Amino acid sequence: MKDIRIGNGYDVHALAEGLAMFLGGVRIDCPFGFVAHSDGDVAIHALCDAILGALAKGDIGKHFPDKDDAWKGIDSKILLSKVCEMAATDGWKVGNADITIALQRPKLAPYIQAMRETLAGVMDIAADRVSVKATTTEHLGFVGRGEGCEVWASVILIKE
Ligand code: MG
């Protein structure tokens, strides 16, 4: 049997008016976006943490500190590709990824397929190995009040 590793990641970002929203590597058309040092793509951040978790190499804040101007406003797809490079250096490739996004609005259904294809492209795997699911929280909690977005990600890494 191939050697495998499992990892999980979690991230939250606050929402604010007038910022561009990026989620799962895709630009979302809405009047608010995520407060962040990077482009605020909370889904990619959770995915990066899942991969780093599987590698037991800390978290995204350790590798791309928000004190470092090198990462200011950066496209989070670049962070994901760097994390995948770290995995590849040790002989690992993402087997599959499963991402759950909790956001009250806007509805993400029109963007799900583009997110799957975009993330798969960055990770250099087939899109049918990437699952993106979205839910509201039925108006409960900070997500339900429209104050932020919460994302969970799980991955399996396979030794090449
Ligand atoms: Mg983050």
Side-chain angles (χ1 to χ4, degrees), residues 5-67 71-84 94-123 125-157:
R5 291 278 187 94
I6 192 166
N8 78 86
Y10 169 76
D11 198 21
V12 170
H13 277 267
L15 286 161
E17 297 279 339
L19 298 173
M21 181 185 285
F22 296 94
L23 206 45
V26 173
R27 173 74 198 265
I28 310 295
D29 183 23
C30 79
F32 42 87
F34 300 117
V35 180
H37 184 72
S38 67
D39 68 4
D41 193 323
V42 57
I44 289 187
H45 297 175
L47 179 55
C48 286
D49 266 358
I51 296 168
L52 288 168
L55 294 169
K57 289 199 170 174
D59 59 31
I60 194 171
K62 174 182 169 184
H63 294 280
F64 312 107
D66 61 10
K67 306 276 181 288
W71 314 117
K72 194 169 167 54
I74 196 166
D75 180 341
S76 292
K77 294 194 289 296
I78 294 169
L79 305 183
L80 178 58
S81 81
K82 286 182 178 294
V83 168
C84 287
V94 173
N96 77 297
D98 185 20
I99 297 165
T100 301
I101 302 169
L103 183 67
Q104 192 61 43
R105 65 189 176 97
K107 289 281 183 236
L108 296 176
Y111 301 100
I112 295 290
Q113 186 59 23
M115 290 184 197
R116 295 179 63 208
E117 288 171 10
T118 301
L119 296 173
V122 176
M123 293 188 285
I125 60 175
D128 67 2
R129 290 175 180 269
V130 181
S131 159
V132 178
K133 310 189 298 297
T135 184
T136 71
T137 61
E138 301 290 344
H139 300 283
L140 295 169
F142 70 88
V143 170
R145 291 189 298 270
E147 295 168 5
C149 178
E150 212 171 11
V151 180
W152 297 261
S154 302
V155 300
I156 289 282
L157 300 186

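Small disclaimer: the values here were computed from a predicted structure and weren't measured.
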Salt bridge (charged side-chain N to carboxylate O under 4.0 Å, His left out) partners of residues 127-136, not counting sequence neighbours, each pair once
Asp98-Lys133

Point-to-point distance, once rounded to the nearest 0.5 Å, from CZ of Arg145 to CG of Leu15:
12.5 Å

Do the non-hydrogen side-chain atoms of Val132 and Leu108 ever get within less than 4.5 Å of each other?
no

Plane angle bin for Phe64 and Trp71 - parallel if under 30°, tilted between 30 and 60°, otherwise perpendicular
perpendicular

Could you work out, with salt bridge (Lys or Arg N to Asp or Glu O under 4.0 Å) as the rule, every residue matching Asp75, not counting sequence neighbours?
Lys77

Given side chains that start at C-beta, do those of Thr135 and Ile101 come closer than 4.5 Å, heavy atoms only?
no

Is any side-chain heavy atom of Val122 closer than 4.5 Å to one of Cys84?
no

Hey, does Leu47 have a side-chain heavy atom less than 4.5 Å from the side chain of Met123?
yes

Does a side chain donor of either His45 or Asp11 reach within less than 3.5 Å of an acceptor in the other side chain?
yes

Checking Arg105 now: which residues fulfil salt bridge (Lys or Arg N to Asp or Glu O under 4.0 Å) with it, not counting sequence neighbours?
none

Contacts satisfying salt bridge (charged side-chain N to carboxylate O under 4.0 Å, His left out) that involve residues 38-57 (not counting sequence neighbours) are Lys57-Asp90

4.5 Å side-chain heavy-atom contact, Cys48 and His63:
no

Test side-chain contact (heavy atoms from CB on, under 4.5 Å), reference His13, set Val35, Val151, Val42, output is Val42

Report yes if some heavy atom in the side chain of Gln104 is under 4.5 Å from a heavy atom in the side chain of His139; otherwise report no.
yes

Sequence neighbours excluded, the answer for side-chain contact (heavy atoms from CB on, under 4.5 Å) partners of Ala120 is Ile125, Ala127, Val130

Distance-only donor-acceptor hits, side chain of residues 19-34, under 3.5 Å, sequence neighbours excluded:
none

Is Ser76 reaching over with its side chain to a backbone N or O of Leu79, donor-acceptor style, under 3.5 angstrom?
no

